A.B. asks: 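If you scroll down you'll find the structure; I have some questions about it.
So you know, we letter chains A, B, ... as the sequences are listed, proteins then strands, and number each from 1. Here the structure is a predicted model, which is why all the values come from computation and not from measurement.
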Amino acid sequence: MRYANLALNTVFDLLLSPFRGENPWPGMIVVSFVTAALFVWLFRSCSDQQALKRSKGRMLARALELLLYRHDMVVSLTAFPRIVVANGRYLITLLRPFVLALVPSILLLIQLAGWYEYRPFAFGEPVLLTVDFADQSPVMSEEVELRPSDGLKVETESLRIPSLNEISWRLRAQSASSTSVVVGVGGLSLAKEIAIGSGMRRISDRRVRAGFWNELVHPGEPPLPRDGPVESIRVRYPRRQLFLGGTEVHWLLAFLVLTMLFGLLFGRLLKVSF
Amino acid sequence: MKTTCQPWKHGVSRRRFLQAAGTAALAGGCGSGRPSGRSESLFTRMIVLGVDGMDPKLIEQFVGEGRMPNCRRLMQEGSFQRLGTIAPPQSPVAWSSFISGTNPGGHGIFDFIARDPKTMLPFHSIAQTEPASGMVPLGRWQIPLSPGRITNRRRGETVWVHLEQHGIPCTVFRVPVNFPPSESEATTLSGMGTPDLQGGYGSFTYFTDDPARRSRDVSGGRIEHVTVNTHVVECSLKGPQNGFLAETTRSDIPFRVYLDPQRPLAKIVIADTELVLREGEWSDWVVVKFPMLPYVADVSGICRFFLKQAADGFGLYVSPVNIDPADPSLPISTPPDYAKRLVREMGYFYTQGMIEDTSALSAGVLSDDEYREQSTYVIDERMRFFEHELERFEDGFLFYYFSSLDLNSHVFWRTRDREHPAYSEQLAAAHGDFIPELYAKIDRAIGQAMERADERTLLLVMSDHGFTSFRRQFNLNSWLMDNGYVRSKNRGPRGEASYLLDVDWRGTRAYGLGINGLYLNREGREADGIVAPGRPADELMQELITRLKEVRDPENGQQVIADVSRADEIYEGPYLEDAPDLIVSYNDTYRASWDTVLGGFPKEHLLDNTDAWSGDHCVDPRIVPGVLLSNRPIRHNDPDLTDLAPTILSAFGVPVPAAMTGRNLL
């Protein structure tokens, strides 16, 4: 998983590197455009276009049957099951391309979340850093040291919460560029990057223990040792806000709508039947 | 009044349109909606700094001490005068007169508190709320067919509406008594009168495990007793009334506080926000969303936390939950997205009308140091926004309001008056520098405004009233009761709880409500009125005037009430009928007691004021004039508040409406 994450991170960093400005929309539009193009191509390649057209034709025929023979009770009543069957066949025809698209979709959304879910800290903003400990490592008995890099000021002592088995610190961003902290615990030095500045960039809100699912969902940084005392090191980043005409729009909604619009456009151009 | 032709709504900015089109084009194109008659203007730009409670005596002192160099320069280059204020010199009344250029009879605001003569229930005078109606019940929920409404009770037209009608772009920042903001083309943000999410002038919450403090409402807030259980505290923050529930209750947001077992630190987890605070620290703004109708409607607010105690006990202060300017549940600006734009450009900010939490100070929740820290945050926030507005100000009219001198003079006057019952040497040593420090900050703002003022810019710095000490409080209602003007239903011992609701109205001839208002119980007006109009009412008023002016303080023999005026003799205008019958003007260092303000009847007539609220201005207006500084000579030597609106209009060559009773001072 580690190498897959490395490869994906590199691909997306390259794809979005021209759009590191303040405005998130150009990158969003390009990603949606490319995604739509790739998925339409994938869909056309993986789907049985003839079977899809036939299924859609049958669905239309059943619907017309219902409309044209609405005065005939028997035809109308029996048309419903035929419509359901036609729909079922249509969905089965779609199943293969959808299954094939599922894995890249998940990876894509995880990567996009890294770019669009959060924004970097601005100069002077508070940074909440939390270290979650494993059950076998009670927080009150651990010796923990925080070593911030330049550009971060530690504002509070470590706050230990036994009921959550975690330690938190409040830091403050005091530089205009990204930096990191190192948490020293149990003889380990665990680094966590902290994004400061402006513009678009990939942000990792938590560094997690090694493990397939952990690494799948949090691909931004190398995993922590599987058997170490620390479950995760996390930073609460401010949410990135996308505005459309003064109204805030969630990035996922924006991405889905744009991808669908571009997908319909490509589908028409390439004469792909959905 | 609105124009019928608004080309700027179709892609051309209003300012550019006006510059390009010129008067002739306006007349030909859309002149029907825009009053004509604007003469040549003396100025193209005007900056008015409205500094609530800025006192001329203190200015003279601080200028003399060299603390206000910009003010000194403005006095030398322009003019400085005492500005006559309004009776009663209360901020809502005075600012309404500034806004409308009329006496209170022309705008209808006579006191902080007004009453419904049919129910005798008091209410805040600035805005009136009509609840939602036509409720359709759905189990424990109800859906309103008609939404609730909130209206500004100030009547009369504003000075900026007249300016906008003549093409002068206006920005009016937090002028008092403009909530909800009057409909206009101007850029405005509401100020004093803007409620918090609980609907009042601001209600803090203090969570504590102190066994000596039980859960209860206090003036301006609530104390919640909580239990610390294995270093975790479960709390709940109250929000607005949830009108969607059939049984109306306040919506709330539960939150949790985790305490470090060894250090004075806490982590607050509220909704999806987490913050870490040290003991004695304030948080930044936190956005809180109160659920009203699950998945359908919520109300967004912002608040700040202050961790007062985290070791050997727990104390967490939460500021009043302000209307979220990024997602306002009530109108606080015109155009509506102005507040949102400010958040985007400057970050979150206080939206409630009266920001400094003097209630928490008076309730002993915030210490003097802690209150001062909050107050300093407020003036610094206001200065940042002032610099922002000044930076983007190009032409037209800019009004900017500062509240800090007023509220801090109220609570820190005891550091200046050695004869005040709440004065102490220790307090004076610790905080005696705060009021001078605030005046110096205002002086910095004056300097910045002077830098932006060229020869075609008129700069005015004005205040609605000055200040004096509030040493002794007078229970007007108790005096009325003991002198036979009020009859109580309860013959038993009289206490502070016997509010107007316990009054036997069939035996009551006059009652006090608000800080300076005295009403007759008139036939045909009050529900159980007994004083007949005409001669009986006139004779009663004359008797009250004579007797009240004779009241002496047994402690020192001083006259307590300097003057009592008949409203129909000092006011004129269409809203005179809403006025109290008599306006009580207290003598220097005296004021109405807190109990009298809401119609209470304590035992004593006069008592020391030991509250932190130690300075005031609700006295005879001659004692507390405001100030008027200008970068141009002022022609009259007795200016008053109602003169400012006509002066502003005249400076731009805009005709002064007949309803405005003041003069042009330039």
A.B. asks: Tell me which of these, A/Met140, A/Glu248, A/Gln241, has more heavy-atom pairs under 4.5 Å with chain B than the rest.
C.D. replies: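 Top count of heavy-atom pairs under 4.5 Å with chain B: A/Met140.
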A.B. asks: For B/Asp284, is it the side chain, the backbone, both, or neither that has a heavy atom closer than 4.5 Å to a heavy atom of chain A?
C.D. replies: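 Side chain only.
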A.B. asks: When you compare the side chain of A/Ser163 with that of B/Thr230, does any pair of heavy atoms fall below 4.5 Å?
C.D. replies: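 No. Closest side-chain heavy atoms not under 4.5 Å.
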A.B. asks: Which bit of B/Arg341 is near chain A, if near means a heavy-atom gap under 4.5 Å: side chain, backbone, both or neither?
C.D. replies: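 When you check distances to chain A, no heavy atom of B/Arg341 falls under 4.5 Å.
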A.B. asks: What part of A/Glu125 gets closer than 4.5 Å to chain B, counting heavy atoms only: side chain, backbone, both or neither?
C.D. replies: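 No part of A/Glu125 comes within 4.5 Å of chain B.
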A.B. asks: Closest approach of A/Leu159 and B/Ala266, non-hydrogen atoms and distance?
C.D. replies: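 Result for this residue pair: CD2-C, 3.6 Å.
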A.B. asks: Among B/Arg278, B/Glu274, B/His231, which residue forms the greatest number of heavy-atom pairs with chain A at distances under 4.5 Å?
C.D. replies: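 Heavy-atom pairs under 4.5 Å are most numerous for B/Glu274.
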A.B. asks: Using atom types as modelled and distance alone, determine if a side-chain donor or acceptor of A/Arg160 lies under 3.5 Å from a backbone N or O of B/Asp260.
C.D. replies: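 Not a single qualifying donor-acceptor pair exists.
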A.B. asks: If you count heavy atoms of other groups shown closer than 6.0 angstrom to CD of B/Glu391, is the number above 12?
C.D. replies: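 No, the 6.0 Å shell around CD holds no more than 12 heavy atoms from other groups.
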A.B. asks: Considering only heavy atoms from C-beta outward, does the side chain of B/Tyr258 approach that of A/Glu166 to under 4.5 Å?
C.D. replies: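 The answer is no, as the side chains (C-beta and beyond) never meet within the 4.5 Å cut-off.
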A.B. asks: Please check if atom CD in A/Glu143 has more than 12 non-hydrogen atoms from other residues, nucleotides or ligands closer than 6.0 Å.
C.D. replies: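 No.
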A.B. asks: Taking side chain as everything from C-beta outward and backbone as N, CA, C, O, which of these in A/Ile167 sits under 4.5 Å from a heavy atom of chain B? Side chain, backbone, both or neither.
C.D. replies: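 Neither part, no heavy atoms under 4.5 Å.
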A.B. asks: Taking atom CG of B/Leu275 and atom OG1 of A/Thr156, what is their separation to the nearest 0.5 Å?
C.D. replies: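 The CG atom of B/Leu275 sits 11.0 Å away from the OG1 atom of A/Thr156.
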A.B. asks: Can you name the closest pair of heavy atoms from B/Leu265 and A/Ser158 and give their distance?
C.D. replies: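 Smallest heavy-atom distance, with atoms named: CD1-O, 3.5 Å.
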A.B. asks: Looking at A/Phe243, I want to see if its CZ is surrounded by more than 12 non-hydrogen atoms of other residues, nucleotides or ligands under 6.0 Å.
C.D. replies: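 Buried by this count: over 12 neighbours within 6.0 Å.
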A.B. asks: Considering only heavy atoms from C-beta outward, does the side chain of B/Arg256 approach that of A/Leu164 to under 4.5 Å?
C.D. replies: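 No, side chains not in contact.
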A.B. asks: Main chain of A/Glu157, side chain of B/Arg263: is a donor-acceptor contact present, judged purely on distance under 3.5 Å?
C.D. replies: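 Judged by distance alone, no pair lies under 3.5 Å.
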A.B. asks: Taking all non-hydrogen atoms of both residues, which atom of A/Arg170 and which atom of B/Val276 are closest, and how far apart?
C.D. replies: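 Reported closest heavy-atom pair: NH1-O, 2.7 Å.
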